[in-house]
Structure formats: C-alpha cells, structure tokens
> 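Can you keep this structure in mind? I'll have questions shortly.
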There are 2 protein chains.
Amino acid sequence: MSKTPQNQSASQVPGNFERPLTTVDVVIFAVLDDQLHVLLVKRNRDTGEPFPNRWALPGGFVDIEVDATLEACALRKLKEKTGVVSPYLEQLGSWGGKSRDARGWSATHAYFALIAIDAGIKPVSGANAVDAQWMPIAGSGVREPLAFDHKDILAAAVERLRGKVEYTSLPAFLLPKEFTLSELQRAYEIVLDRKLEKSAFRTRVLATDLVVEVPRFREGANRPAQLYKLRSQVKPVYFQRTFKPAGE
Amino acid sequence: MSKTPQNQSASQVPGNFERPLTTVDVVIFAVLDDQLHVLLVKRNRDTGEPFPNRWALPGGFVDIEVDATLEACALRKLKEKTGVVSPYLEQLGSWGGKSRDARGWSATHAYFALIAIDAGIKPVSGANAVDAQWMPIAGSGVREPLAFDHKDILAAAVERLRGKVEYTSLPAFLLPKEFTLSELQRAYEIVLDRKLEKSAFRTRVLATDLVVEVPRFREGANRPAQLYKLRSQVKPVYFQRTFKPAGE
DNA sequence: AAAATAGTGTCTCTTAGACACTATTCC
DNA sequence: GGAATAGTGTCTAAGAGACACTATTTT
C-alpha cells in the first residue's frame, strides 16, 4: 500500500524472475455445413503439462524472440493452424490470475478471428484430425469440456460475435471474397441463430455501402444472383446507431 | 514453425526466465467542471526507470503475491489512487510488444473506470498535485505527452467510451448515486461533446427502465427536479438495437 | 411578475418489419 | 409450364428529432 504505482512490484524489474506466464489464445470461427464452428486443438498427453488430452483453444506462450507484438503472435498461431494470413482478427480481452494454470500466475491475451473456409484453408481432417478439429457451436460453447478457462473465453467470443453482428458487417468475413446477398443473409442468420426478413436485410445492407457489385453472377438451377464483395476487406462497417445530434 | 502450439516456447516453462513483463494500467474517467477528465500520475525522475518525469496512466506491475486476478490488480490500483472501491470497471484491451518498454518485452492489461467525483474521492490537489492530477480530455487525448504507448491506450479508452455512450447507460456511472434527468443528459452531452434533444432523451431513458424514481427532489432557484437512481448499480443497460427477429 | 429550469404534447420523417408481388433462370 | 431462388413494392408501426407548449419553484 505504501509503494507507489510506478514501482510497486520490485519483483518484476528485470533480473528478477517473478513474472506471470504470458500466453496468447485465438478463437477461430468459421461456417461449415451451415453451422458456426470453432477450431480446437487437443493437448498432449503424458508430457507433464496441465490438462493432458483435453480440447483447448489454439494458442500458447508468447515467444519473445519471434513475436514483435501480441497481435503478431496471434497471427502466427492462426497461420500455423489454418494457413490463413489475413483474417478478420480482433482482440477479445485478457484473462489472468494465480489459479488458472497450475504452473503459476498466468495471463492470456485472447483474440478472435473470422475466416472463410475455402480452397486455401489447411485441412484438419485425416491425419490432423486427432489434434485439431472444427467443433460446432452449441449455445455459447461446445459440448466438449475445455482446458484452463477456455470455456469462459469461448463464451465471451461467441457473445462478442453475436453482439456485434447486430450492428456490424462481421459475418461477411465468414464468406469468401465474392458472395451473394442471400449468402450474406444466411451468414447473419447462422451467427444470430434466427431468421431475418429478406427485404429489410437487403435494404439495410445496400443502404450502408457495405458491399459493392462485381460484374459476375452466381449461377444455379434458378435465377442467377448478383455477386458482391466487401467495400473494405479490413475494417468492418458499423451500422447507424442512435442518439443523432440535436440542434442547439 | 515446427514447434507445436502447446509448447512452442520452451523459454517460458517455469524455471526459465524469458517471460514478458506484465503490467496493468487504468484509465480513470470523471467529470469535473462540466468536462471529461482523466487521472494521470507523474513518473519519478532520476530512478533509472523509463520516461522519467512524464505523465502516465496509473498502473504498474502485477504483484503476483497480492493480486489474485488482473481485475483485482486494476481495482487495487484504482483504490490506491482515488479511494473508490466499487467503480464501473471494464477491460479495455491489452498492448504488448518488444519495443514498448526499454526494459524488455512487455504487455499491459488496460482497464477503464468511470467514477463520480463526490465527497468520498481522495483529493489530488495540494500536496498530491505534483504526482497525480485530473487532466481534461481534449479530442481523443490530453495535451501533455504521455509515457510508453499510453497515448494510444487513452485514445482507445476515449473512443470506447464515446462509442458505447451511443447505446448504453455508461454516463450514469459518472454521476453520484442520485441524479436528475437533466444531470444525466448533461453527462451524456459531456461525453459525446454535443447537445442532445431533451424530449427524445427523456423518452428514451424512461422507456428503457434504466432509472427508477427516488422520493426526493433536487431543489434550486426554480422548479424542483425529480431525483432518480440507477436500477442496477453494476451492469450498464444496453439500449435496443436493430435486426429484430423475423417470422419464419 | 420575471427568471429559470422541469417536464409534456404534437408533428414529421425515417426506418424496420410483414408480406405479397414480380423476375429470371433451369428442367 | 413448374420449380426454385432473386429481387422489388407497399403498407404499417415505432421511434427519433424538432419545437412549442405548460408547470413549478425562487426572487
């Protein structure tokens, strides 16, 4: 209490070793079979590490030799697992405390990513399936028990995603570069887990300049559908919110 | 690249010392003189630490002997500086990298807090003024240069606050327990830095059940005003958003 | 009565949702 | 023509903003 905030923990100055463990975990979402999925990895068994054989979010210790920043670390882990290099990536939050990891006081920096499953994605079937797998989201998590506090982290990610979908263009990042408005609507419906009204959806999407037409159509056993792409591949669009300015 | 995520950094397993420095910083907002302010502290000079004599956000190293969780650490720092024990406290995000602190790879967990300036607040005037001070927010920061990447953190906090004000009850946490609707509107206007229309504001606030009447009035040189309190002192209210469900 | 702020009522305009309608392709 | 999905038009209801109005206190 009498220490000043500037140096209240002498235990952490360089040369002393009582620093928390620092990890990064990534919640990677994708749509498969018309369902929202999250990528999980299976932890090793019999290596003396906590939670052997349990499913966990992909992640691990920050490597201070390799990772220039936390975000770079998250991108590295994402790329290692999926091959994706430019996903939608957003910081989710951090979880830290003395009891979340038996090895000591630890803090994890959690990110969440949205990717589209297409030709470029590293498959996780076959030989890989034993240690990495896409799991369907049920409610605010998955059926399997998870290591550490990853259940909380996943629930926070699902909640964040669902919340933001209400007023942003996030589901577009779950689709390939070009998509139809029906496909976009379907992505919204999958994330929100409820149906949306077609007319209102299209009006709103087109009104916000979220997408631009490309001169191509999706062909099928019916009327071809106009293809669109995101106006910006990087930044999500925020729909108009409330409390408009008032006159003086 | 060939290491697995589960143990890709052997440098961090207990017994080895290459762990990032871990800090917590708190962006504490309050309204003074009808203006939004943030609490800053002045860093020591001539102690060999980085950024001597610079203004910085209150914070510092996690003390793994004292702090059970990151949030507990943030609450401790807030209490030390202001005396406030039950503020509105929200995690803002984390900033980490190899070059933000000359002492080594470091990661900070940033929180933001909203408090009401009233009788219980530790004064920072007089003798304290040299090392802690309320600074007015101008634009998305303060006029003074800040230590580390605290300018970025503060800007993110201001942006988060302004963004959330559009659709939540956050400004209520900048007021004392009991307040009038005019005072609440003023708090919104201060944070948003623009005027709001009285009738629409009142309709909306009352429609959301954000506040409940208390059987008292604010007396003045005019018609007394009904006093209200928050329905919940802890959780903010989220106003209705868009994309309502559609029929099947 | 004047000043000052609290609080309400009414009108308009925008937008979302409901829902039915038209359009264009394949078979 | 029928099936299937794309895409549009119209009506209604709710809510925000503009703005003027009434209400209640002190001086």
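Just so it is clear, the values below take in all heavy atoms, side chains as well, and ignore hydrogens, waters and symmetry mates. Numbers restart at 1 for each chain; the letters A, B, ... are given by sequence-line order, proteins then strands.
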> Only counting residues at least two apart or in another chain, list the ones meeting side-chain contact (heavy atoms from CB on, under 4.5 Å) with A/Asp34.
A/Arg186, A/Ile190

> Taking side-chain contact (heavy atoms from CB on, under 4.5 Å) as the definition, give me every residue that meets it alongside B/Thr69, ordered by chain and number, with sequence neighbours left out.
B/Glu71, B/Ala72

> Tell me whether the count of non-hydrogen atoms from other residues, nucleotides or ligands lying under 6.0 Å of CD in B/Glu159 goes above 12.
no

> Check salt bridge (Lys or Arg N to Asp or Glu O under 4.0 Å) between B/Arg231 and all other residues, then give those that pass, not counting sequence neighbours.
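Only B/Asp209 meet the salt bridge (Lys or Arg N to Asp or Glu O under 4.0 Å) criterion with B/Arg231.
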
> Please state how far atom CG in A/Asn222 lies from atom P in D/dT5, giving the value in whole angstrom units.
6 Å

> A/Leu192 CG to C/dA16 P: how many Å, rounded?
15 Å

> Once you round it to whole Å, what is the distance between P of C/dA18 and CZ of A/Phe201?
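These atoms are roughly 15 Å apart.
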
> Just grab all the salt bridge (charged side-chain N to carboxylate O under 4.0 Å, His left out) pairs involving residues 85-94 of chain A, residues at least two apart or on different chains.
A/Glu90-A/Arg160, A/Glu90-A/Lys164

> If I take atom CZ in residue A/Phe179 and atom C1' in nucleotide D/dT5, what distance separates them, rounded to the nearest angstrom?
18 Å

> How many whole angstroms separate atom CG of B/Leu196 from atom C1' of D/dA18?
14 Å

> Figure out the CD/P separation between B/Glu219 and C/dA4, and round it to whole Å.
19 Å

> Partners of B/Tyr88 by ring pair (Phe, Tyr, Trp, His ring centres under 6.0 Å), sequence neighbours excluded?
B/Phe173

> How long is the line joining NZ of A/Lys195 and C1' of C/dG17, in whole Å?
16 Å

> Rounded off to whole Å, could you give me the OH-to-P distance for the A/Tyr167 and C/dA16 pair?
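Those two atoms, OH and P, are 17 Å apart.
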
> Once each nucleotide of nucleotides 7-13 of chain D is scored for protein heavy atoms under 4.0 Å, what B/S/- sequence comes out, 5' to 3'?
BBB----

